[in-house]
Amino acid sequence: MSVTENLNPEQIKGVMTTEGPVLILAGAGSGKTRVLTHRVAHLIEDMGVSPYHIMAITFTNKAAGEMRERVNNMVSYGAESVWVATFHSSCVRILRRFADRIGYDTHFSIYDADDQKTLMKAVCKDLNIDTKIHKERTFINAISSAKDELLDAEGYLAAAAGDFNKERTGQVYREYQARLRKNNAFDFDDLIMKTVELLRQDKEVLSYYQEKFEYVMVDEYQDTNTAQFELVRLLSSGKNNLCVVGDDDQSIYKFRGANIYNILNFEKHYPDATVIKLEQNYRSTGSILDAANGVIANNRNRKEKALWTEQEAGEKIVFEHFDSAYEEADYVASNIGRLKKQSVFEYKDDAILYRTNAQSRLMEEKLIAANIPYKIFGGVNFYSRREIKDVLAYLKTVDNSADDLSVQRIINVPKRGIGQTTINKVSEYARINGLSFFEAVSRGKEIPGMGKTGEKLNAFSLFIDRLRVLSEESTVPELIRDITENTGYIAELEAEGTDEAEDRIMNIDELLNKAVTYQTDSEEPSLSGFLEEVSLVADIDNLDETHDYVALMTLHSAKGLEFPNVYMVGMEDGLFPSYMSIDDEAEMEEERRLCYVGITRAKAHLTMTAARTRMIRGETQYNAISRFVKEIPENLISGSTYDPNSRNPADLKGRGESVKSLSPVFRKPLPVKNFGTKIEKKALDYSEGDRVRHQKFGTGTVTLINDGGKDYEVTVDFDSAGTKKMFASFARLEKV
DNA sequence: GGTTTGAAACTTTTT
DNA sequence: GTTTCAAACC
């Protein structure tokens, strides 16, 4: 088949312009993956380029997998030799081969956010920094940003001169980095930065890759950071055939160091660049597209473009406003159920998108109640569960005994009678003698003052040594089985007998399944390879085509996906846009881009919802309708509770005005729902100064009663539970 | 050395 | 409302 079949003229230009730097500005749903895959096929089939010389970098494994599959279907043979990988796994691949050239062992560990925090805690302790005052996270974030900008510890310290706080961070950075080095470990940011360091330092390695990668393509270019840009620049500067694809309107990872100027200034970096704009949208209906355009038009800092579609307007966007987040979730669940029953949409057509992971809980509850299958992506990562991290720590210990963090995590899991005191002694011994923690453990009996515990240390090190021998010839699943059985880890959980313990056993089984899959699917299975795979997968990578469930995820995770029927929930100022970004224009624009991403995920139908009251961290919040909803042209919106002029109920309450008299939405009776959260104002049988009883907090004295219009807000000074503010209808206080 | 309990912090987004 | 962490107790 011809590679230009079914492509529009601009797409064809993107496919055919193979030489030199190319910037493809691809609006949402404009077929950028199509262009990229056809481009690869064109290079191989029509131009005779060897697949070995082609590189395509993506952000997620899912995107990489899709591209590989589609290329596979288009070219006759050799597609598997194309280097299609994420930024991080590309770097791991390079480092696994050449890390020894920058002073690391190629059996390195990869540290995730939890590991970083543990390590940082130890660093702060050593430097006598009180983590109550200076949070580990603050240091980690500062170091991460520095690494995104390719600034090492010495550079950071040099730039910090005179600034006391920055100097402290610089010292923390230096020590943190020394520890990573000692543990033979990289954190996520290191993977990129150290690869750049390797390529800059070692001309041989650099020219090896420059000669290899004759054609380099980068997807989601708007989300690259400075380090990633430099990596791409280095790798592609052999033949200088670099093609980047992105959409500045979908840049949503500034907080992670993404540098939007990489795309905005691409033509400055590469003055001879060909710029191609893909503006025809093939995904969404006219209404959805107009809504997205209406919102994004409010951003000032963007490249002008006009996304258009040949599709009809289709259905209007539905907006519904509820009294509480419960009612909101209930509406979404019953709506999904109804559409399924009417055969309008399958479950797999539906996605519920939210700003924060915490919002998933309520949705989950209502979906369970409605008996609707669903799957939550993101949130608590499978690989960050305790039992999984424990098993992985064993594997990391076997793979890289210099990884003190992993050794210390499992040396007393399950309990072996090796406590903190012993660990401190061993650490001290290791430090004095310049050994790794594990080496010190092996010499446990030599450590002064160790006594009987020395035997326990010895037994542990022999166990690990045996595993290490075993790992030489056995498979990863065998190794995991050996660990969980011979340590008594599973037995301990079984003995516990709680539901939670059962869940943990199931999770370990799941890990075992993944190991089996890895062992059979991978060309050259190895322990390092398995550990690498589990470190670098994102939850979203597991969303497949054949599923039969509703997908729940954050707006961030949804980038790059599409669904026929999308619900954007929690459309409230303070939640989305987040209160964190409300008085910063740049951050507000990023939130707006996030909204744009959300809207453009929808193909046929889009519903937005908001709640007047919502519990956040145990406190009730009052939020106004998101400004983004109001930025959508009014004629595109329908919905029984839509009122663009509705005001924040909290503002009204403060001035003692009745909410009812001001906001027309409140006058419309909402359909009565048959669950117990409906707010109903009833006369109270107690007043200020009375003694009352609460189910949970016990007895107390009423100090204040506020008329909030719809409900009374009662402040009670409890005898033992302190002062609490609550709504009368929820609190069900009893006069005593 | 291990377990229990209560306070305190946390939530914006993640490869 | 949940999770994490330290102190106090066993």
Side-chain angles (χ1 to χ4, degrees), chain A residues 57-64 85-92 110-114 116-118 121 131-132 135-137 140-141 144 147-148 186-192 219-220 223-225 227-228 251-258 325 353-362 365 377-381 383-384 386 412-424 452-453 456 532 535-541 553-560 570 574-582 584 587-588 590-591 593-595 597-598 614-621 696 721-722:
Chain A
I57 306 187
T58 62
F59 267 83
T60 64
N61 294 297
K62 184 178 160 55
T86 65
F87 270 102
H88 290 89
S89 47
S90 295
C91 288
V92 169
I110 300 166
Y111 280 2
D112 66 15
D114 283 345
Q116 282 182 297
K117 198 174 171 203
T118 311
K121 196 170 233 172
T131 51
K132 286 240 168 64
K135 293 266 168 294
E136 295 98 323
R137 267 265 75 83
I140 293 171
N141 289 340
S144 173
K147 287 179 177 176
D148 288 344
F186 296 110
D187 64 21
F188 278 108
D189 306 308
D190 272 345
L191 292 176
I192 315 287
D219 193 12
E220 306 280 12
D223 287 324
T224 53
N225 61 35
Q228 287 162 335
S251 163
I252 55 172
Y253 283 109
K254 183 158 155 277
F255 73 95
R256 218 172 60 192
L353 310 181
Y354 34 77
R355 180 65 178 84
T356 66
N357 279 306
Q359 288 166 260
S360 65
R361 176 159 301 159
L362 211 50
E365 232 171 71
F377 295 89
V380 188
N381 191 322
Y383 294 103
S384 55
R386 192 174 72 202
N412 200 30
V413 177
K415 305 262 178 300
R416 297 189 176 86
I418 303 172
Q420 199 54 53
T421 325
T422 310
I423 291 175
N424 291 344
K452 266 196 285 181
T453 319
K456 296 173 181 166
E532 171 186 322
S535 313
L536 299 178
V537 293
D539 222 4
I540 201 71
D541 298 334
M553 67 189 81
T554 61
L555 288 153
H556 281 88
S557 305
K559 196 181 66 167
L575 187 62
F576 184 38
S578 159
Y579 67 97
M580 301 286 290
S581 38
I582 254 160
D584 181 313
E587 287 191 43
M588 183 55 71
E590 176 138 325
E591 294 280 307
R593 290 193 291 271
L594 190 55
C595 184
V597 167
R614 177 182 300 278
M615 285 280 260
I616 291 178
R617 275 181 289 169
E619 272 181 42
T620 307
Q621 257 192 17
K696 203 161 126 198

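Values reported hereafter were calculated over all heavy atoms of this structure, with side chains retained and with hydrogens, waters and symmetry mates removed. Here is the naming used below: chain letters follow the sequence lines, and residue numbers restart at 1 for every chain. All of these numbers come straight from a predicted model, not from anything done at the bench.
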May I ask you to verify if any side-chain N or O of [X] is less than 4.0 angstrom from the OP1 or OP2 atom of [N]?
| X | N | value |
| --- | --- | --- |
| A/Ser578 | B/dT11 | no |
| A/Ser557 | B/dT13 | no |
| A/Asn412 | B/dG2 | yes |

Check your understanding: Can any side-chain N or O of A/Arg593 pair as donor or acceptor with the backbone N or O of A/Ser251 at less than 3.5 Å?
Key ->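 Side chain of A/Arg593 to backbone of A/Ser251: a pair is present.
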
Check your understanding: Quick one: does A/Asn412's side chain have a donor or acceptor within less than 3.5 Å of a partner on A/Gly417's backbone?
Key -> yes

Go through [options] for me and flag the one nearest to the [X] side chain.
| X | options | value |
| --- | --- | --- |
| A/Arg361 | C/dG1, B/dT14, B/dT11 | C/dG1 |
| A/Lys415 | B/dG1, B/dT13, B/dT3 | B/dT3 |
| A/Thr554 | B/dT14, B/dT15, B/dG1 | B/dT14 |
| A/Lys121 | B/dT13, B/dT15, C/dC5 | C/dC5 |

Could you tell me the separation between the [atom1] atom of [X] and the [atom2] atom of [N], rounded to a whole number of Å?
| X | N | atom1 | atom2 | answer |
| --- | --- | --- | --- | --- |
| A/Lys117 | B/dC10 | NZ | C1' | 10 Å |
| A/Tyr383 | B/dT14 | OH | C1' | 16 Å |
| A/Arg386 | C/dT4 | CZ | P | 9 Å |
| A/Asp189 | B/dT14 | CG | C1' | 11 Å |
| A/Phe188 | B/dT15 | CZ | P | 8 Å |
| A/Asp223 | B/dT13 | CG | C1' | 12 Å |
| A/Asp187 | B/dT14 | CG | C1' | 14 Å |
| A/Asn424 | B/dG1 | CG | C1' | 13 Å |

Check your understanding: Aromatic rings A/His556 and A/Tyr253: how do their planes relate, parallel, tilted or perpendicular, breaks at 30° and 60°?
Key -> tilted

Is [X] touching bases, backbone alone, or none of the nucleic acid, heavy atoms closer than 4.0 Å?
| X | result |
| --- | --- |
| A/Tyr579 | sugar-phosphate |
| A/Ser581 | nothing |
| A/Lys456 | nothing |

Check your understanding: Would a 4.5 Å heavy-atom cut-off, applied to side chains only, mark A/Thr554 and A/Phe377 as touching?
Key -> no

Study note, to complete from the structure: Comparing nearest nucleotides in DNA chain B, the 5'-proximal residue of the pair A/Ala113, A/Glu591 is A/Glu591

Check your understanding: Which comes earlier along DNA chain B counting from the 5' end, the contact point of A/Met580 or that of A/Asn61, where each point is its nearest nucleotide?
Key ->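 Nearest-nucleotide comparison on DNA chain B picks A/Met580.
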
Review point. For the atom pair OG1 (A/Thr86) and CG (A/Leu536), what is the distance rounded to the nearest 0.5 Å?
Key: 6.0 Å

Review point. What's the spacing between A/Phe87 CZ and A/Asp219 CG if we round to 0.5 Å?
Key: 9.5 Å

Practice item. Using the P atom as the reference point in each nucleotide, state the distance between B/dT13 and C/dT4 in Å, no decimals. Key: 15 Å

Review point. Are the ring of A/Phe255 and the base ring of B/dT13 both nearer than 5.5 Å at their centres and tilted by less than 30°?
Key: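 The ring of A/Phe255 is stacked on B/dT13.
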
